[in-house]
Amino acid sequence: MIRFYRVSKQFGAFDALRDVNFQVSKGEFVYITGPSGAGKSTMLKMVYGAVRPSHGKILINGTDITRMRASGLPSLRRSMGIVFQDFKLIPTRSIGENVGLALEVIGASRDTIRRRVDAVLSIVGLRGRADELPHTLSGGEQQRVSVARAIVNDPSLLLADEPTGNLDGAMAIEVMEILQTINLRGTTVLVATHDGGLMQRFPYRTLRFRAGRLESS
Amino acid sequence: MSQGPQTYVHIFRRALRSLWENVYLNLVSMGVIAAAVLLMGVYLTFQYNLTQLMNSWDRDVQVSAYFHADVPEDRRESLAARIGEDPRVARVAYVSEAEAGAWLAERVDDLAPVLEELGSDLLPASLEITLAQTDNVERDIAELKPLLDPADFAEVDHGREWVDRFEAFVEAVRVLGGAMGLMILVAALFLVTNTVYLVIYNRRDELEIQKLVGATQSYIVAPFLLEGFAHGLAGGVAALLALKALHVLLIGRLESALGAEALTSVSALPAQWLLGLAVLAVVLGVGAASVAVTRFLATAP
């Protein structure tokens, strides 16, 4: 599914990642952890093509994305869903419109969008709230909208960058349970987090980074 | 799922929505385009009428050839007949000293006693030669010259010196106006580009999210180009309406103030020119949007 082969990334004189090698199989749930500045987010950004490595190869489903042209990125991103710590919801769009955005960009009909949005809002426990604006929701609910948007086009890979970073304990557990459910439906899930408590409560394979190096896998 | 007609529906809806949500910035953009195109239209109307005026002079060129007083009457008539047969000449009218004097007396009624005292041969007899339609007035006048022998004619006046000076003035206006028009267009492009950039900047988070969920570059860019088209179209139509209103109001006022009937001959621009101005407005709108969105995407994360 995902393979990093001797991947390094320098930002000027700073080594964000150094000679990173690992592999994630289809259907796995994997944590990427480590202290701030360890390279977790950089690694995730490389998976969705927002950052290109300075050296090495990244294979996603057998395709070397380091050789991919910018015009190829949209199709790569349509095969994955991304959840951010700050939710990245459009404040002036309703919840339904925010979730439907991922389907809109691929030219889905309005009927399909409505049907799929209702379905994923049910999965994340927000059924019937499609017409509300994001600011009317709690932080946990907004993150669930973000998860709904990430899974609305049924991706094979879900990336979550500190998805519980802005949430309190109960809300964080709710979001993790949703991610776990999505994984049980066959989606590969990569979660960048430094929340040790959650990793203990939901134990999965962990890639531990420190100062840009993969310490343990 | 492949991109199909629904994609265009989504793009169109996004453009409409953005026009509505950023109504003030959009109005600024349309206003700038309208002002630039209106200025161009006023200049072109001025230029068009000057050119029309010059063309009418070229179409109706009259040469006055004044006889020496001692040229006998029969010689004058034979010269008039010979010149009238020339293919470059549309018609020739012989004006005797008496007819010229009567013409003058009619126009300066107050001086009638003075003119009477000076005698009926105050003004020389002349041939008033009207040239046929031509594409080269200068050449025709030059070719006609051998027929106007200085032994018969004291002076030949065709008023071309004045026309030539006026043509030089019109040419200078054309060059200066063209340069100013170009500057106006560049300034408008700059202003509209920055206004559209503000609209895009307002929506930067949305655009970033679109990119992250797999929107193609064309999907992101297209709504802004549609908005630019709408700005241009609305600005262009507004400019043309304003141009029409200016034409009606200004000509009416000048006529009543100056009582100048000649002003009724100030024409509005022909339909093709107006269409050209509308196209220019649309090109300005789409061009500015294109520059703005390209600039934004080049710097966006």
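Quick note on labels: first sequence line is chain A, next is B, and so on, each numbered from 1. Nothing here was measured: the structure is a model prediction, and the numbers come from that model.
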Go through the atoms of [X] and report whether side chain, backbone, both or neither lie under 4.5 Å from a heavy atom of chain B.
| X | value |
| --- | --- |
| A:Leu159 | neither |
| A:Ile90 | both |
| A:Arg110 | both |
| A:Leu89 | backbone |

[X], [atom1]: over 12 other non-hydrogen atoms inside 6.0 angstrom:
| X | atom1 | result |
| --- | --- | --- |
| A:Lys88 | NZ | yes |
| A:Tyr204 | OH | yes |
| B:Phe229 | CZ | no |
| B:His247 | NE2 | yes |
| B:Arg174 | CZ | yes |
| A:Tyr5 | OH | no |
| B:Gln217 | CD | no |

message: Checking B:Arg17 against A:Thr92 for the side chain to side chain contact (heavy atoms under 4.5 Å, CB included) test, could you report, in this order, the C-alpha distance in whole Å, the side-chain angles of both residues, the deciding distance, and whether it holds?
response: CA-CA 11 Å; B:Arg17 191 166 187 165; A:Thr92 54; over 6 Å; no
field: Where A:Pro74 and B:Thr216 come nearest, the two heavy atoms and their spacing
entry: CG-CA, 3.8 Å
message: If you compare all heavy atoms of A:Ile82 against all heavy atoms of B:Leu212, which two are closest, and at what distance to 0.1 Å?
response: CD1-O, 3.8 Å
query: Step by step, would you call A:Leu101 with B:Gln210 a side chain to side chain contact (heavy atoms under 4.5 Å, CB included)?
result: CA-CA 7 Å; A:Leu101 192 66; B:Gln210 281 183 7; 4.2 Å; yes
field: Spacing of CG belonging to A:Leu103 relative to CD belonging to B:Gln6, to within rounding of 0.5 Å
entry: 11.5 Å
